[in-house]
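Remember, predicted model here, so these are calculated numbers, not experimental data.
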Amino acid sequence: FSLPGGTEPGDQSAATEDFLQRFGVGADIAVRTRDLDIGTDVFIEGEGPGLTIIDGTSADRVFHIVSSLRNNQGFFNLTIRRGFVEGRRGGCILREGTDGLFTLGNVVLEHCLAVGNEGGAVYNAGAVIFAGSIVRNATASLGGGLHNIGVAQINDSTFMHNGGQS
């Protein structure tokens, strides 16, 4: 999918509507009641981190990736923010499964929270690549920015102002 910039609530562009209809969220890119489940090859391309924003509104995690059968996922040129879970893993992104590859290219992950568990921004159990990305202001009991039990490759990326809670 290619997502247009300026994705504030109410954006009615065809690409945005198609994305949201496939994931059952409504008419804007704001996660209001549940996370977006992904279980197949999915690549999401935005127009830039300041232009394309997927906002969890602190209602739930933003993406739950169940990877199997060597499925690959990639998010590029966008911001994912305000994911929230309590007693569960992955505030903004939970990536389960060990097959396939997950890539975050030029992505900003911010203000993500996993209360009482791991991976404020990202919990990864498979293979993940961060390329030119920023992870900031994320909090969890363990791994504020990233809790990784798989393989992580981090290239030209910044992790800042992330922390653990007790």
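Sorted by first and then second residue, the disulfide bond (SG atoms under 2.5 Å apart) pairs involving residues 123-162 (not counting sequence neighbours) form an empty list. Listed by first then second residue, pairs satisfying ring-ring contact (aromatic ring centres under 6.0 Å, His included) with a partner in residues 118-146 read Tyr123-His147, Phe130-Phe159, not counting sequence neighbours. Pairs passing the salt bridge (Lys or Arg N to Asp or Glu O under 4.0 Å) check and including a residue from residues 128-141, sequence neighbours excluded, read Glu110-Arg136. For residues 141-154, no pair satisfies salt bridge (Lys or Arg N to Asp or Glu O under 4.0 Å), with sequence neighbours left out. Listed by first then second residue, pairs satisfying salt bridge (Lys or Arg N to Asp or Glu O under 4.0 Å) with a partner in residues 112-128 read Arg89-Glu118, not counting sequence neighbours.
If you take CG on Leu78 and CG on Leu104, they are separated by 8.5 Å, rounding to the nearest 0.5 Å. Annotation: the span from Thr158 atom OG1 to Ile134 atom CD1 amounts to 5.5 Å, rounded to 0.5 Å. The NE2 atom of His64 sits 6.0 Å away from the CG atom of Asp37 when rounded to the nearest 0.5 Å. Separation of atoms CG (Asn124) and CG (Asn148) is listed at 5.0 Å; rounding is to 0.5 Å. The line from OG1 of Thr40 to CD1 of Ile65 is 11.5 Å long, rounded to the nearest 0.5 Å.
Few gaps surround CG on Asn155; more than 12 heavy atoms of other groups in view lie less than 6.0 Å from it.
Residues passing the side chain to side chain contact (heavy atoms under 4.5 Å, CB included) test with His111 are Arg82, Asn137, sequence neighbours excluded. Among residues two or more places apart in sequence or in another chain, the side chain to side chain contact (heavy atoms under 4.5 Å, CB included) test is passed with Cys92 by Val62, Ile80, Leu109, Cys112. For Phe75, the ring pair (Phe, Tyr, Trp, His ring centres under 6.0 Å) test picks out Phe63, Phe102, with sequence neighbours left out. Listed by chain and number, the residues in a side-chain hydrogen bond (donor to acceptor under 3.5 Å, both in side chains) with Asn77 are Glu45, Asn106 (sequence neighbours excluded). Residues forming a side chain to side chain contact (heavy atoms under 4.5 Å, CB included) with Ala131 (at least two apart in sequence, or on another chain): Ile129. Applying the side-chain hydrogen bond (donor to acceptor under 3.5 Å, both in side chains) test to Asn162 and every residue at least two apart in sequence or in another chain returns nothing.
Residue Val115 belongs to a hydrophobic cluster whose other members are Phe84, Leu113, with links defined by side-chain heavy atoms closer than 4.5 Å.
There is no path of hydrophobic side-chain contacts, each under 4.5 Å, that joins Ile54 to Val108. Each of Leu94 and Val42 belongs to its own hydrophobic cluster when Ile, Leu, Val, Met, Phe, Trp and Tyr are linked at side-chain heavy-atom distances under 4.5 angstrom.
In this structure, the side chain of Ser133 engages the main chain of Val107 through a donor-acceptor pair within 3.5 Å. Proximity of a side-chain donor or acceptor of Asn72 to a complementary backbone N or O of Gly100 within less than 3.5 Å is not detected.
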Would you check, one step at a time, whether the test side chain to side chain contact (heavy atoms under 4.5 Å, CB included) holds for Val85 with Asp60?
CA-CA 6 Å; Val85 293; Asp60 199 352; 3.9 Å; yes
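Contact annotation: the side chain of Asn117 never approaches that of Ser141 to less than 4.5 Å [non-hydrogen atoms, C-beta and beyond]. Side-chain contact check for Arg95 versus Val128: every heavy-atom pair is 4.5 Å or farther apart.
Across Ala138 and Gly145, no two heavy atoms sit closer than the pair CB-CA, 4.2 Å. Shown here for Ala114 and Gly119, the closest heavy-atom pair between the two residues is CB-O, 3.7 Å.
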